[in-house]
Q: 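Shown below is the structure under consideration.
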Amino acid sequence: ELAQQLSKEIVPKLKEAGVKLIFISIGTAERGRMFAEETGLDANLIYADPDNNTYDAMGFYKGVGRTFFTADTPMSINQRLLKDGAKDLKEILPRWKPWIPPKLNQGLQQGKSQYLHALTQDQSAR
């Protein structure tokens, strides 16, 4: 549902401002294309990471405890309900399909928004 929100609200504004937003997804390129179809994201913005190398290198959280048993999870759900009744979540759930990732422990992988600033050649010379 976050991907739907980004696709509708954020990606167009960033593109207009000349900012490139990319998504690194666990799983295969084929699964990334399927995800793009379901969420409305441009498939060209999705990069597949079937071995989880990027997530591991950046230290993203994973595991049962960090995924399901923290105060953040019910708080986040509550915020969505209060904001708009979890509209995007309700929209995507009927189309949700079970998917087994290439590595079983990837099913407990947390996503994360990460800001990276790429320097141009001119900027790196300063």
Q: Tell me, please, which residues at least two apart from E37 pass salt bridge (charged side-chain N to carboxylate O under 4.0 Å, His left out).
A: none

Q: Is L82 linked to M75 within one hydrophobic cluster, defined over Ile, Leu, Val, Met, Phe, Trp and Tyr using a side-chain heavy-atom separation of less than 4.5 Å?
A: no

Q: Who pairs with P50 by side-chain contact (heavy atoms from CB on, under 4.5 Å), at least two apart in sequence or on another chain?
A: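 Applying side-chain contact (heavy atoms from CB on, under 4.5 Å) to P50 gives A48, P102.
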
Q: For residues I46 and G32, report the shortest heavy-atom separation together with the two atoms involved.
A: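 Closest heavy-atom pair between I46 and G32: CD1-O, 3.6 Å.
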
Q: According to the salt bridge (Lys or Arg N to Asp or Glu O under 4.0 Å) rule, which pairs have a member within residues 38-49, sequence neighbours left out?
A: E38-R95, E38-K97

Q: Any side chain to side chain donor-acceptor pair (under 3.5 Å) involving residues 6-20? Give me the pairs, sequence neighbours left out, ordered by first then second residue.
A: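 Every pair satisfying side chain to side chain donor-acceptor pair (under 3.5 Å) with a residue in residues 6-20: there are none.
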
Q: Applying salt bridge (charged side-chain N to carboxylate O under 4.0 Å, His left out), name anything that partners D51, two or more places apart in sequence or on another chain.
A: none

Q: Considering all heavy atoms of both residues, which atom of L45 and which atom of L21 are nearest to each other, and what is their separation?
A: CD2-O, 3.3 Å

Q: Under the side chain to side chain contact (heavy atoms under 4.5 Å, CB included) test against I24, which residue among N53, T54, N52 passes?
A: T54

Q: Would F23 and L6 count as a side-chain contact (heavy atoms from CB on, under 4.5 Å) if you check the C-alpha gap in whole Å, the side-chain angles of each, and the deciding distance to 0.1 Å?
A: CA-CA 11 Å; F23 300 84; L6 291 170; 3.5 Å; yes

Q: What residues form a side-chain contact (heavy atoms from CB on, under 4.5 Å) with Q79, not counting sequence neighbours?
A: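 In terms of side-chain contact (heavy atoms from CB on, under 4.5 Å), with neighbours along the sequence ignored, Q79 is linked to no residue.
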
